[in-house]
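Down below is the structure, laid out as structure tokens.
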Amino acid sequence: MSEGDDSGNLPSTYDLSSVFAAKDSREVAELYDHWADDYEQSILSWGYLTPAVTSWFVGRFVEDRGAPVLDAGAGTGLMGDVLATLGYSDLVAIDISENMLAHARGKGVYRQTGRMELGQELDFPTGAFAAVVATGVFAAGHAPPESLDELARVTRNGGSVIFSVRTDVLEDTFGATLERLEEEGRWERLDETRPFSHLPLEDPELKLQVFAYRVR
Ligand SMILES: C[S@@+](CC[C@H](N)C(=O)[O-])C[C@H]1O[C@@H](n2cnc3c(N)ncnc32)[C@H](O)[C@@H]1O
């Protein structure tokens with residue numbers, strides 16, 4: 001854990017153990033607000049692979065690069081940067097941390113950015129997006145499994161929801177939600193990666209999978 005600074009007990013740099021132990025959404029927002037300026041330097045130095053892997057699923061399943069794509073839990077906009085580079089031109093970012101979003105806004109790749117909380121009702125009409133991506137957001141102390149109900153709702157019929165899930169929460173809680181949405185006929189699985197180390201230079205034991213679903 002990195003040393004605290006003068007803003008209470010918050011660490012001064014991005015710290016994995018603190019975010020995974022966040023008790024509620026207010027705390028996770030506070031932690032990310034505090035880390036926003038260092039986030040990219042830290043996570044990229046740890047070999048963060050999730051946006052690279054996720055972009056392959058987007059390229060395969062989201063053919064229309066002019067269609068609206070929601071980046072949910074966009075953080076500083078790393079995924080938006082990758083998608084814009086690939087030619088996706090109608091990107092919207094939401095996140096619970098205003099300071100992370102400020103960095104995303106600064107990249108100039110999003111049509112719209114806004115503070116919203118995954119796990120609560122999202123302020124978008126049903127079927128607003130051709131696709132949703134969410135990278136690094138479904139992990140301990142982060143957004144809850146019920147977020148997926150809303151992400152499926154805001155995706156149009158035939159659209160894709162593409163997201164990473166840490167393997168520990170997949171087993172504990174998310175797996176049941178993925179299955180429930182399939183049983184309810186809300187979506188069908190298109191593909192999934194095998195588990196992989198998404199921060200190989202920091203903690204190779206931490207693993208996640210990326211999933212792609214088609215909404216019905
Ligand atoms: C590890 S970062 C990933 C950011 C970005 N998607 C990426 O791949 O670099 C996790 C992000 O999820 C956001 N987050 C955590 N819980 C959330 C929630 N309930 N609703 C919205 N955003 C949330 C955090 O503020 C943070 O920006």
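Everything numeric in this text was worked out from a predicted model, so none of it was measured. One is the number of the first residue; the rest follow in order along the sequence. Read the numbers this way: they start at 1 and go in the same order the structure lists the ligands and their atoms.
- Numbered from 1 in the order shown, with element, the atoms of ligand 1 that lie under 4.0 Å from a heavy atom of Gly75 read 4 (C), 27 (O).
- Remark: ligand 1 atoms within the under-4.0 Å shell around heavy atoms of Tyr32 are 1 (C), 2 (S), 10 (C), 24 (C), 25 (O), 26 (C).
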Which donor-acceptor pairs under 3.5 Å do side chains of residues 76-85 form with protein atoms, sequence neighbours excluded?
from  : atom 1 : to    : atom 2 : distance (Å)
Thr76 : OG1    : Glu40 : OE2    : 2.7
Thr85 : OG1    : Asp81 : O      : 2.7

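- Under 4.0 Å from ligand 1, heavy atoms of Thr135 appear from its side chain as well as its backbone.
- Using a 4.0 Å cut-off between heavy atoms, Ala134 makes no contact with ligand 1 at all.
- Looking at ligand 1, you won't find any N or O of Met100 less than 3.5 Å from one of its N or O atoms.
- Under a 4.0 Å N-O distance rule, the pair Arg105/Glu98 qualifies as a salt bridge.
- Nearest heavy atom pair, residue Ser160 against residue Leu190, reads OG-CD1, 4.3 Å.
- Looking at every heavy atom in both residues, Ala212 comes nearest to Ile162 through CB-CG1, 4.0 Å.
- Summarising the contacts of atom 19 (N) of ligand 1 with Leu118, Leu78, Leu199, the nearest heavy atom is found in Leu118.
- Shown in contact with Gly136 at under 4.0 Å from a heavy atom are these atoms of ligand 1, numbered in order with element: 1 (C), 10 (C).
- Ligand 1 has at least one atom lying under 4.0 Å from a heavy atom of Asp95.
- For the pair Asp149 and Arg180, the salt-bridge criterion is met [side-chain N within less than 4.0 Å of a carboxylate O].
- The shell of residues lying under 4.0 angstrom from ligand 1, judged by heavy atoms, includes Ala74.
- Separating the CD atom in Gln209 from the CG atom in Asp191 is a distance of 10.5 Å, to the nearest 0.5 Å.
- Of the N or O atoms in Gly73, one or more lie within a sub-3.5 Å distance of an N or O in ligand 1.
- Below 4.0 Å from some heavy atom of Ala143 lie the following atoms of ligand 1, by number and element: 16 (N), 18 (C), 19 (N).
- Remark: among candidates Tyr39, Phe138, Trp35, the nearest residue to atom 9 (O) of ligand 1 is Tyr39, based on non-hydrogen atoms.
- When each atom of ligand 1 is checked for a heavy atom of Tyr48 under 4.0 Å away, the hits are 7 (C), 8 (O), 9 (O).
- For the ligand labelled ligand 1, residue Gln120 lies outside the 4.0 Å heavy-atom shell.
- Listed by number with element, the atoms of ligand 1 under 4.0 Å from a non-hydrogen atom of Glu117 are 19 (N), 20 (N).
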**Study point:** Residue pair Tyr32, His103: steps toward the ring-ring contact (aromatic ring centres under 6.0 Å, His included) verdict
**Key:** CA-CA 12 Å; Tyr32 277 103; His103 285 272; over 10 Å; no

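- In terms of modelled atom types and a separation under 3.5 Å, the side chain of Thr155 and the main chain of Val161 share no donor-acceptor contact.
- Contacts with ligand 1 closer than 4.0 Å are made by no heavy atom of Met79, backbone or side chain.
- Of all heavy-atom pairs spanning Tyr110 and Asp71, the tightest one is OH-OD2, 2.7 Å.
- Partners of Pro144 under the side-chain contact (heavy atoms from CB on, under 4.5 Å) rule, at least two apart in sequence or in another chain, are Glu146, Ser147.
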